[in-house]
**Q** 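I have a structure I would like to understand better, so I am pasting it below and will then ask my questions one at a time.
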Amino acid sequence: MKRHACIALMLTLATLSLPAPGRTPMADHLPKDTLVYYAWAGRTDAFATSPLGKLAEGDKVAEMLDVLRETMLRGAPGESGRTMVNHGWEMASILWQRPCAAALTDLALDEDGGDPIPAATMVVDLGEHKAAFAEHLDAIVEAARAEGAEFQELESYTRLPIEDKFALSFGFDENVLFVCFGQANLPETLLAVKAEDSLATNAAFTAAMKDVAGDAAQLSTYINVTQLKDVMEAVVQREAPPADDDTDGAPSMVSRIVRAFGVQKATAMASATQFVDGSLYTRTRLMSPPPHSGVLRLAAERPITADDLAALPADADYVAVSSIAPQSILEEIRRGLGTANERMAAQLDRALENVKRQTGVSLEDELLAGLGQTWTACMAESQGGFVTGTAIWTPVRDREKLTEALGKLEKALAGAAAPAGEMPARCPRCGFEELSKQGDGWACPRCGMTRQRWQQRRRRRHRVEVKSMTVGDTAIHYVSAGVSGMPLPVAPAWAIHEDRFYLAPWPQVIQSIIEAGPDSQGKHRAPRLAETEAFVRIRSRLADNPSVLIYANTPALMRRVYPVLLVGGTMGVNALASHTPLQTDMSWLPSLQKLQRFMGPTMVAISADDKGLLYEEYASMPGRGILAAPLALFGAGEWLTCSRQIAPANVQLAQPPTADAETVIYAETPVLLDAETEPAEPEAPQAPQ
C-alpha cells in the first residue's frame, strides 16, 4: 500500500509538472548552471485571445475534460485515490494558468558506482492562488499518508524518500511552489538560489534566449549543450572498460558521435514560441560558431532562391524545397559513419557497390552526378489529387551523364522479371512428386506441364516492363509491373523536361506538370504559389536565406482528410466506448468549416549562419516541424473545436472553396476570432496575371 501511495503521489505531481506548449519565467529561481530549462508563461492575454486559447476554453474541450475526470475518478483505487484525483485536478486547473518552469539542474555521478542521480525540479509562481493550492496539496498528502506513505516534515519543505539517495520533495518559497525529484538535497539548493546569481543572470543563457525569444514568448526552452556533453562524457568514461595499449588515448563514443554530427563546437540550444497575429511563431537556435561541419554544414549550403519556387502551383497542398545536394548528404553520412564507427562506413560502401553491381549504375558517380543541387517535392490537386498528385524534381546538371545512367537503369528494370529458376521438386500444376526424374527438358507425365510453359507462367507472374509516353517533345518513361501475380497500384515514372528531372508515382502526374508549365513566351499557364498573398505574407516572417523550406496548406489538407477523419474518428470513439471506461462522444469532432476557419497555412525554414543552426516555424497549431503534417491532422481532429468563439455565425464560406481561397481566408484567423468586431465577407483572391 505504501508503494502504491508513493507512486500515485509521484504521478499526480509529475503530471502537473508538464507545461503546455514565455520571456524566461522562473529562471531567477533556478541555479545558474542549470542543464535543461523548459518554461510556460501561463494564461497570458496573448494566449487567451489566440485561436489556441479559445480552443482550450471551448465548450467541447470542457466536456472532454469532464469525461476524462469522471473516468479517472471511476478508476481511482478507494476513497484516498478519488481524493487525490479531485484535488489533483483542482491543482492542475491552477497550475496551467501560472508561469512555471521544469528543469534538470544536475546529473551527478553516484560515488558508489550506481546510476547517475538526476536533480529535476518544477517551480511555479502561484501568486494569489497559493493558499488554495496549498489546501489541495495538503489533502493529497493526507490521503497518501492514509495509504502508508511516510513523509518527512522538514523545516522548509516535505520529503518523501523513495530509495537510497532518491526522494520526492515539495514546498513553498513564499508564493513559489517547488517540486523536486532525484537528489535528496535539491530543495536546499533551490532555496539557496539568489536572483542575482541565478540562471537568469547566466550570460550564455541570456544571450541565447535574447536571440530566439520575443517580447511575449509563451514557451521557452534552453539546453546547456556544453555542460551536457561533459556530463555524458563522464558517464560513458566511468562505464567504459579499462583502456589497453590499443585504445588508450582514443576518443570516446560520445566524442565520436558529437564529431559525426558536427556539433562539437555547439554550446547551447534555445527555443521560444510566441503568438504572432494569432498564430504560433517558433524560433529555435543551436548555438555553434563557424566553420560548420556535419549537419550544420549541410544547412549552410546555397540558400533557396526565387527561381527555386517559381514552378510551384498555387494549389499546392504540401511543398518541401531543399538546396542541400544529395551528394553532400551522402558524403556527410559516409564521413559521420566513419567517425562514429568505421565498420558502418564500410557497410555503406559495400551497399553502394552492390547497387552498382546489380544495376550497372554508380549512384554517386553517374546518377547523382548528373542531377542538380536543389530538390523539390510538391503535392497538388492540379497534379493528380491528394497524395497521388505528388512529384519530385531537380535541375539537370549533366544531361548526357544522366541520360546514360537512366538508360542503364531501364535495362536493369527490363531484365528484372523473375528467372525460370531451378527445376521444381513437384509439378506446379498437379503436384506430381517424381518430376525430378524427367531431366532438364521435363514434361509432367500426369498433366503435361512442360518446362517452357512453366517458365512463361513465372515470367507473367513476375512481370516488369519499362514503357513510355510522349507529351510534346518530352518522353515520360514508366514501369508497369506485377509481383507474384499481384499488379502494382503505381507506375513509377520519370522524365527529363527542359532543364529538370521529374519523378512521380504515375506518368500522368508529370504530364500535368508539363502541360501547366510555361508557354512559348515563358509565362506559366496556371497561377503560381509564390505569387499568392498568403504565401508571400508568411514567407516574409521567416529567414531570408533558408536551405530548407517547407509549406503546408493546412486548411486544404484538412478538407482532403476530413472524410477519413469522420470514419476513423467514429470507429475510434466506438472502440473506446466499448473496450475502455472512457466514454468518448463523436460530437466532440467539429464540422469541417469550423476546423478550416481555425487553421491557417504552416511554413518551416531551416538555415545556418554565423551563430549556428536556425529553425523557424509559423503555424496555427502547436508542433515541431510539419514533415508529417498530413498524418498529424488525423489525430488532431479529436481535440479541435471552435464553437461560437471561433466561427461567428455571420462569417460564411464560399462553396466550394477554391485552393487560393482556402489559403487566404483561413490565414485570417485573428479576424474571424474577434468577437467584438463583425468580420467582413472574405473574397477569394484573383489569379495572378
Side-chain angles (χ1 to χ4, degrees), residues 9-44 47 56 88 91-108 116-127 129-130 133 137 140 157-160 162 166-173 175-191 193 195 198-200 202 205-206 208-209 212-213 217-225 227-228 231 268-274 282 284 622-624:
L9 181 60
M10 287 173 57
L11 289 177
T12 299
L13 293 176
T15 301
L16 300 179
S17 71
L18 295 176
R23 204 77 165 174
T24 55
M26 312 309 295
D28 56 341
H29 288 77
L30 296 171
K32 195 171 187 176
D33 55 352
T34 293
L35 290 173
V36 179
Y37 164 86
Y38 189 67
W40 163 249
R43 188 180 180 276
T44 61
F47 173 82
M91 291 163 63
S93 66
I94 295 173
L95 285 176
W96 82 269
Q97 302 184 67
R98 304 300 304 168
C100 63
L104 177 67
T105 63
D106 192 13
L107 189 62
I117 306 174
T121 185
M122 177 190 70
V123 287
V124 186
D125 182 2
L126 295 172
H129 301 284
K130 190 256 180 144
F133 187 92
L137 182 58
I140 288 180
Y157 62 94
T158 301
R159 176 188 295 164
L160 177 63
I162 299 175
F166 277 80
L168 174 68
S169 307
F170 49 90
F172 297 94
D173 183 7
N175 289 334
V176 174
L177 165 74
F178 59 88
V179 181
C180 305
F181 173 77
Q183 297 177 12
N185 63 342
L186 179 56
E188 286 88 347
T189 302
L190 291 180
L191 291 170
V193 171
S198 64
L199 179 63
N202 183 314
F205 172 80
T206 54
M209 297 310 300
V212 300
Q218 187 67 33
L219 185 69
S220 305
T221 306
Y222 174 78
I223 300 176
N224 188 333
V225 175
Q227 192 171 344
L228 201 57
V231 171
M269 194 282 289
S271 178
T273 299
Q274 58 183 304
T282 299
T284 303
R624 288 294 181 270

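For the single chain, residues carry numbers from 1 onward in sequence order.
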**Q** Does any non-hydrogen side-chain atom of Pro118 lie less than 4.5 Å from one of Phe166?
**A** yes
**Q** With heavy-atom distances below 4.5 Å as the criterion, would you say the side chains of Leu186 and Phe178 are in contact?
**A** no
**Q** Using a 4.5 Å cut-off on heavy atoms from C-beta on, say whether the side chain of Met122 contacts that of Leu177.
**A** yes
**Q** Report yes if some heavy atom in the side chain of Phe133 is under 4.5 Å from a heavy atom in the side chain of Ser93; otherwise report no.
**A** no
**Q** Could I get the full list of side chain to side chain contact (heavy atoms under 4.5 Å, CB included) partners for Pro31, not counting sequence neighbours?
**A** Asp33, Thr34, Thr105, Thr189, Leu190, Val193
**Q** Can you name the side chain to side chain contact (heavy atoms under 4.5 Å, CB included) partners of Thr44, sequence neighbours left out?
**A** Ala41, Ala46, Phe47, Gln218
**Q** Is there side-chain contact between Val36 and Thr221, with heavy atoms separated by less than 4.5 Å?
**A** no
**Q** Please identify each residue that fulfils side-chain hydrogen bond (donor to acceptor under 3.5 Å, both in side chains) with Ser198, with sequence neighbours left out.
**A** none
**Q** Identify the two heavy atoms, one from Ala213 and one from Ala272, that lie closest to each other, and give their separation to 0.1 Å.
**A** CA-CB, 3.6 Å
**Q** Hey, could you give me the OH/OG1 distance between Tyr37 and Thr121, rounded to the nearest 0.5 Å?
**A** 12.5 Å
**Q** Given 3.5 Å as the limit, does a donor-acceptor pair link the side chain of Arg98 with the main chain of Asp125, or not?
**A** yes
**Q** Can you sort out the partners of Ala270 under side chain to side chain contact (heavy atoms under 4.5 Å, CB included), two or more places apart, ordered by chain and number?
**A** Ala208, Met209, Val212, Tyr222
**Q** Which residues pass the side-chain hydrogen bond (donor to acceptor under 3.5 Å, both in side chains) test with Gln97, sequence neighbours left out?
**A** none
**Q** Look at the side chain of Asn202 and the backbone N and O of Lys32, then say whether any donor-acceptor pair between them is shorter than 3.5 Å.
**A** yes
**Q** Could you tell me which residues satisfy side chain to side chain contact (heavy atoms under 4.5 Å, CB included) with Asp106, sequence neighbours excluded, listed by chain and number?
**A** Ala108, Ala119, Gln183
